[in-house]
Amino acid sequence: MNKSAYYLYNNVAITAGAIVAMLKSTERLDLAKIALFLPLLLDDNIVKKINEKSEYSFDNIVSLNVLNMSNFNERYRDILPLLMDALSILLDMEVIVLRGAFVINKKSEVCTSMLECGSIRLQSISSAASKLMNVTQYMDLSKMYYRLNIEL
């Protein structure tokens, strides 16, 4: 997929939806965690594999998706502008607030209604986000960055 098609498919609206899906399960979330998980949640193959399995770990997700993870650092960097645009929209809508390095869910009822828009892709992303948030809630963020070979 070329870059322009990639940005049409993974646009600001779907990115904002993915952020809201991550915030659905928690009141506040580290911005670095959102940035790390977006490339996973915006990849249909990874989302499909996460949603197919009933039990897994973060390491399982990485090992089951070795081919998709080969260019993860590049996808991580490519998604950063989408992340900033999506955060800006959510801030303008007053759905979230930023407090230091954390994104805070300000209006959970708006988040819920955003995820019930009827988009099959967003529903899949929401389901995968919920599972991903559950298995990583006690994991060290720096170890996840290391495991995915992110170069900052």
**Student:** Please answer whether the main-chain N or O of Met22 pairs with a side-chain N or O of Thr26 as donor and acceptor at a distance below 3.5 Å.
**Tutor:** no
**Student:** What closest approach, in Å, do Leu141 and Leu36 show between heavy atoms, and which atom pair accounts for it?
**Tutor:**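 So the minimum-distance heavy-atom pair works out to CD1-CD2, 4.1 Å.
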**Student:** For residues Asp78 and Glu74, determine if any side-chain heavy atom of one lies less than 4.5 Å from a side-chain heavy atom of the other.
**Tutor:**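 Asp78 reaches Glu74 side chain to side chain.
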**Student:** Within this structure, what is the CD1-CG distance for the pair Ile104 and Leu23, rounded to the nearest 0.5 Å?
**Tutor:**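 Taking CD1 in Ile104 and CG in Leu23, the distance rounds to 9.5 Å.
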**Student:** Search all heavy atoms of Ala35 against all heavy atoms of Leu83 and return the closest pair with its distance.
**Tutor:** CB-CD2, 3.7 Å
**Student:** Can you confirm whether Val135 sits close enough to Ser57 that some side-chain heavy atom of one is under 4.5 Å from a side-chain heavy atom of the other?
**Tutor:** no
**Student:** Kindly compute the distance separating NZ (Lys33) from CZ (Arg28), expressed to the nearest 0.5 Å.
**Tutor:**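 With rounding to 0.5 Å, NZ (Lys33) is 11.5 Å from CZ (Arg28).
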**Student:** Among residues at least two apart in sequence or on other chains, which ones pass side chain to side chain donor-acceptor pair (under 3.5 Å) with Asp140?
**Tutor:**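 Partners of Asp140 under the side chain to side chain donor-acceptor pair (under 3.5 Å) test: Ser142.
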**Student:** Checking Tyr145 now: which residues fulfil ring-ring contact (aromatic ring centres under 6.0 Å, His included) with it, not counting sequence neighbours?
**Tutor:** Tyr76
**Student:** Given side chains that start at C-beta, do those of Ser126 and Lys24 come closer than 4.5 Å, heavy atoms only?
**Tutor:** yes
**Student:** Do you know which two heavy atoms are closest between Val47 and Ile125, and how far apart they sit?
**Tutor:**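 Val47 and Ile125 have their closest heavy atoms at CG1-N, 4.1 Å.
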**Student:** Using 0.5 Å steps for rounding, measure from the CG atom of Leu29 to the CD atom of Glu27.
**Tutor:** 12.0 Å
**Student:** Under the side chain to side chain donor-acceptor pair (under 3.5 Å) rule, collect the residues that match up with Asn51, sequence neighbours excluded.
**Tutor:** Ser127
**Student:** In residues 84-98, what donor-acceptor pairs under 3.5 Å come from side-chain atoms, sequence neighbours left out?
**Tutor:**
none

**Student:** Can you list the residues that meet the side chain to side chain contact (heavy atoms under 4.5 Å, CB included) rule with Phe58, with sequence neighbours excluded?
**Tutor:** Phe37, Leu40, Val62, Leu132, Thr136, Met139, Met144, Arg147, Leu148
**Student:** Nearest 0.5 Å, what's the CG-CG distance between Leu38 and Leu82?
**Tutor:**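 Reported to 0.5 Å precision, the distance equals 8.5 Å.
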**Student:** Output the distance between atom CD1 (Ile34) and atom CD1 (Ile79), rounded to the nearest 0.5 Å.
**Tutor:**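 Rounded to the nearest 0.5 Å, the CD1-CD1 separation comes out at 13.0 Å.
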**Student:** Minimum heavy-atom separation for Leu42 and Arg121, please, with both atom names.
**Tutor:**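 For Leu42 and Arg121, the tightest heavy-atom pair comes out as O-NH2, 3.1 Å.
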**Student:** Sequence neighbours excluded, which residues qualify as side chain to side chain contact (heavy atoms under 4.5 Å, CB included) partners of Asn149?
**Tutor:** none
**Student:** Can you sort out the partners of Asn134 under side chain to side chain contact (heavy atoms under 4.5 Å, CB included), two or more places apart, ordered by chain and number?
**Tutor:**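 Counting only residues at least two positions away or on another chain, Asn134 forms a side chain to side chain contact (heavy atoms under 4.5 Å, CB included) with Ser130, Gln137.
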**Student:** How long is the gap from CZ on Arg75 to CG on Leu80, to the nearest 0.5 Å?
**Tutor:** 13.0 Å
**Student:** List in chain and number order the residues that pass side chain to side chain contact (heavy atoms under 4.5 Å, CB included) with Lys53, two or more places apart in sequence or in another chain; answer none if no residue qualifies.
**Tutor:**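 With sequence neighbours excluded, Lys53 shows a side chain to side chain contact (heavy atoms under 4.5 Å, CB included) to Tyr56, Asn60, Leu64, given in chain and number order.
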